[in-house]
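Following: one structure in structure tokens, then a few remarks.
Keep in mind that this is a model prediction, so the values were computed, not measured. In what follows, chains are A, B, ... by sequence order, proteins preceding strands, each numbered from 1.
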2 protein chains.
Amino acid sequence: MIKCHLSKLMGEKKLKIVDVARETGVNRGTITRLYHETASRVELETIDALCRYLDCDVGDLFEFKEDR
Amino acid sequence: MIKCHLSKLMGEKKLKIVDVARETGVNRGTITRLYHETASRVELETIDALCRYLDCDVGDLFEFKEDR
DNA sequence: TGCATAATGATCTTCAGGAGGACATTTTGA
DNA sequence: TCAAAATGTCCTCCTGAAGATCATTATGCA
């Protein structure tokens, strides 16, 4: 499975969903879905905006985890 | 920008688009788009299948690159 | 070298789900 | 306590992945 660490990254920096949405320009609903890991599809543009804003790489945001 | 290294990873392993499509179960058109970096949106399920098949992590497949 | 087969590129339709917005509810901090 | 901010939720719109098909190109082997 693919795990999204947005909530963890945001928690570490004590960021709010509105902050991230406002600063990245990404729709709040989209941030909410990624935060709660209910998204099943992502725009590369969204990943780009998050990596830039959070100053991280794609691997920090998404992780491949073997599910057994 | 977000760079997709699928073509590089496939090249290293000398894999064909049809092979990847067949083995991962991902639609060939989707593999083609990622290969040529014309995709702007990705299913997490697709990333999952590719990471599993290529035995790599998300960060190996996608990279955040500052464009200036 | 010729030819059958496989691989790729390109295009069309369908449809799931993200984008964006609106409203309700909850949380906050002054 | 109460107003503003933040979050949750629901709705509609629209993009692009999925899936299929056809044309073209590359391949391997007899």
Side-chain angles (χ1 to χ4, degrees):
Chain A
M1 64 169 297
I2 298 296
K3 196 152 178 20
C4 178
H5 293 137
L6 178 60
S7 60
K8 189 185 120 194
L9 292 171
M10 282 174 57
E12 286 171 358
K13 301 190 178 189
K14 305 201 189 336
L15 296 169
K16 292 175 222 163
I17 289 178
V18 272
D19 292 332
V20 180
R22 190 191 313 118
E23 297 300 316
T24 58
V26 175
N27 183 271
R28 188 167 63 82
T30 304
I31 302 293
T32 301
R33 275 187 288 276
L34 290 172
Y35 186 94
H36 292 291
E37 301 190 64
T38 53
S40 64
R41 184 196 290 173
V42 202
E43 296 282 334
L44 296 188
E45 203 177 318
T46 296
I47 300 178
D48 186 75
L50 287 173
C51 285
R52 176 170 291 112
Y53 176 60
L54 297 170
D55 189 35
C56 68
D57 208 331
V58 183
D60 301 316
L61 202 50
F62 293 99
E63 184 195 7
F64 170 64
K65 296 192 80 165
E66 204 75 48
D67 44 0
R68 39 184 142 239
Chain B
M1 62 169 298
I2 298 296
K3 194 149 179 20
C4 179
H5 293 138
L6 178 60
S7 60
K8 190 185 118 196
L9 292 171
M10 282 173 58
E12 287 171 358
K13 303 189 178 190
K14 305 200 187 341
L15 296 170
K16 295 175 219 163
I17 290 178
V18 271
D19 294 331
V20 180
R22 191 191 315 116
E23 297 300 317
T24 59
V26 174
N27 183 270
R28 186 167 64 84
T30 303
I31 302 294
T32 302
R33 275 187 287 276
L34 290 172
Y35 186 93
H36 293 292
E37 301 190 65
T38 53
S40 63
R41 183 195 291 174
V42 201
E43 297 283 334
L44 296 189
E45 203 177 318
T46 297
I47 300 178
D48 186 74
L50 286 173
C51 285
R52 176 171 291 111
Y53 176 60
L54 296 170
D55 188 34
C56 69
D57 208 331
V58 184
D60 301 317
L61 202 51
F62 293 99
E63 185 196 6
F64 170 64
K65 294 192 82 165
E66 204 75 47
D67 45 359
R68 37 182 146 240

| remark: Note: for A39(B) and H36(A) on DNA chain D, the residue whose nearest nucleotide lies more 5' is H36(A)
| said: Please determine whether the number of non-hydrogen atoms from other residues, nucleotides or ligands lying under 6.0 Å from atom NZ of K65(A) exceeds 12. | reply: no
| Looking at S40(A), does any N or O in its side chain come under 4.0 Å of the phosphate oxygens OP1/OP2 on dG18(C)? | yes
| note | Separation of dG18(C) atom C1' from I47(A) atom CD1, nearest Å, is 13 Å
| Nucleotide dT15(D), atom P - distance to CG of L44(A) in whole Å | 17 Å
| message | With a 4.0 Å limit, can you tell me whether R33(A) has a side-chain N or O closer than that to the phosphate oxygens OP1/OP2 of dG18(C)? | response | yes
| field | Donor-acceptor under 3.5 Å (E63(B) side chain, K3(B) main chain) | value | no
| task | Answer yes when R52(A) and E66(B) have at least one side-chain N-carboxylate O distance shorter than 4.0 Å, and no when they do not. | result | yes
| field | Heavy-atom neighbours of E43(A) CD exceed 12 at 6.0 Å | value | yes
| task | Mind calculating the distance between CD (E45(A)) and C1' (dA17(D)) to the nearest angstrom? | result | 17 Å
| How would you list, by chain and number, every residue that makes a side-chain contact (heavy atoms from CB on, under 4.5 Å) with T32(B), sequence neighbours excluded? | I17(B), R28(B), H36(B)
| remark: Under a 4.0 Å heavy-atom cutoff, the residues of residues 15-28 of chain A touching DNA chain D are K16(A), I17(A), V18(A), R22(A), R28(A)
| Taking atom P of dA17(D) as reference, at what distance in whole Å does atom CG of L34(B) sit? | 8 Å
| said: Assuming nearest nucleotide by heavy-atom distance, tell me which of T32(B) and E43(A) is located more 5' along DNA chain C. | reply: T32(B)
| task | Carefully, step by step, assess F62(B) and L44(A) under the rule side chain to side chain contact (heavy atoms under 4.5 Å, CB included). | result | CA-CA 9 Å; F62(B) 293 99; L44(A) 296 188; 4.2 Å; yes
| Atom pair distance, as rounded to whole Å: CZ in R41(B) and P in dG20(C) | 11 Å
| field | Y35(A) OH - dG8(D) P separation (whole Å) | value | 8 Å
